[in-house]
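As structure tokens, the structure follows; a few thoughts come after it.
Lettering follows sequence order; numbering is per chain, from 1.
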There are 2 protein chains.
Amino acid sequence: MVRWKPGAQQRLHAAAMDLYAERGFEQTTAADIAQSVGLTERTFFRYFVDKREVLFAGQEAFQQVFVDGVAAAPEDASALDAVASALQAAASFFPDDRRTHSRRRQAIIVANPSLHERELLKMAWLSAAIAEALRRRGIAEPQATLAAETGVTVFGVSYRQWLAEGEERSLAAIEDDVLREVRALSSSTV
Amino acid sequence: MVRWKPGAQQRLHAAAMDLYAERGFEQTTAADIAQSVGLTERTFFRYFVDKREVLFAGQEAFQQVFVDGVAAAPEDASALDAVASALQAAASFFPDDRRTHSRRRQAIIVANPSLHERELLKMAWLSAAIAEALRRRGIAEPQATLAAETGVTVFGVSYRQWLAEGEERSLAAIEDDVLREVRALSSSTV
DNA sequence: GTCTATAGTGCGATAGAC
DNA sequence: GTCTATCGCACTATAGAC
């Protein structure tokens, strides 16, 4: 009789997603999740600092793609161009065959304000990381922060559109359009 | 002997701010706050849906100033111009004699991630309200959302600068500068 | 106003991997 | 033997239900 099977974190993650989707986030206790994969509540909290964090596993890798994308932009690129480069890099994180999974995850999040909060916090961290990457390129404040937050805004609007019912364009294509809209915002005549 | 003094909500608010500042948000229980003004924990939760909400009382009025500011912009103003008008209106919410109080409040918030989360949620609501006001002006999506989020970004950057040590300019003056920077972002040559 | 479920923490014990 | 994943138990505070 084995005391523990490997992959506890991933089993917990999968079970949590299923239960959150089935009966809702608040109606699912940490003990429910743990029990459903043969572990205890205490072990659940070893792997996830709280119940919400399950839905945001993989954030670091996601963020790193943005940071690397900024770093990879041509040396003479403007702040917004470097951000555009990062957005394209990040789109590879969401190939079209992940759309169904992403929709399922997003449905869980929008159904619960506290999960929405957590998502916003993660986006704020992403923004801070991008701003830092821009500063490493020599871009000063407040331009670094403004460009980073604009990038996160573009990502957010694009991502939601990517998940919209009936939408079939790739995330990269949508980002392109949205970025064009953002650039046009400022140049509107007064 | 009076059974209860008036102004329970305000006394709770003041007591919470003091205790959060003194010993930290997590080290302060709802019972502590209530007891310090002669009320019970149960009463605290009558006035504030949760412990964090105390720091965000007055959000509705704040948000309304933005919405009204958007509505008050000249009819032919662009989306970003309407947002600029809202930003100027909102600055009146933060006269210089409130800077000390705002600094104190912000210190509490940045010291605690869960408060930061709540603040981000409030900013997201603000953004949604501004976008809605822009749509009422006939601005379509995604421009309405992009302009609204840009406005909130400008507000956030400006507000933090307004609170920065040594800063003496008014919030309105800072917003002007930051808005200029945002407009310049998109027009940088490639 | 009371009662209760549950999130989340701290610490120590235990069982297996190596 | 060490190292580490897991568990057990006691506990506090939040928040909601009754």
Contact between A:Arg118 and B:Leu121 at the side-chain level, heavy atoms closer than 4.5 Å - yes or no? no
Check nucleotides 9-11 of chain C against the protein and report each pair of N or O atoms closer than 3.5 Å, with its distance, or say if there are none.
unit_1, atom_1, unit_2, atom_2, d
C:dG10, N7, A:Arg42, NH2, 2.8
C:dG10, O6, A:Arg42, NE, 2.5

Within the structure provided, determine whether A:Arg99 and A:Leu163 are in side-chain contact (heavy-atom separation under 4.5 Å). yes
Give a yes/no on whether any side-chain N or O of A:Tyr47 is located under 4.0 angstrom from OP1 or OP2 of D:dT6. yes
From CG of B:Asp50 over to P of C:dG8, roughly how many Å is that when rounded to an integer? 13 Å
Does a sphere of radius 6.0 Å around CZ in B:Arg169 hold more than 12 heavy atoms from other residues, nucleotides or ligands, not counting ones at 6.0 Å or beyond? yes
Do A:Ile33 and A:Val37 touch side chain to side chain, with heavy atoms closer than 4.5 Å? no
Using whole Å, what does the distance between atom C1' of nucleotide D:dA15 and atom CZ of B:Arg118 come to? 13 Å
Between A:Thr153 and B:Val152, is any pair of side-chain heavy atoms under 4.5 Å apart? no
Find the distance A:Phe44:CZ to C:dT6:C1' and express it as a whole number of Å. 13 Å
B:Glu53 has an atom CD; how far is it from atom P of D:dT14, in whole Å? 15 Å
How long is the line joining CZ of A:Phe48 and C1' of C:dT6, in whole Å? 19 Å
If you look only at pairs with a residue in residues 12-25 of chain B, which of them pass as a salt bridge (Lys or Arg N to Asp or Glu O under 4.0 Å), with sequence neighbours excluded? B:Asp18-B:Arg104, B:Arg23-B:Asp32
Do the non-hydrogen side-chain atoms of A:Phe56 and A:Arg105 ever get within less than 4.5 Å of each other? yes
N/O (side chain, A:Thr40) to phosphate O (OP1/OP2, D:dC7) under 4.0 Å: yes
Of the candidate nucleotides D:dC7, C:dA7, D:dT14, which contains the atom at the shortest distance from the side chain of A:Leu39? D:dC7
Stretch residues 15-35 of chain A: residues that reach within less than 4.0 Å of DNA chain C through a heavy atom: A:Thr28, A:Thr29, A:Ala30
So A:Phe155 and A:Phe66, would you call those rings parallel, tilted or perpendicular, with 30° and 60° as cut-offs? perpendicular
Using OP1 and OP2 only, check whether a side-chain N or O of A:Arg46 sits under 4.0 Å from D:dA5. yes
Does the side chain of B:Leu55 come within less than 4.5 Å of B:Leu115's, by heavy atoms? yes
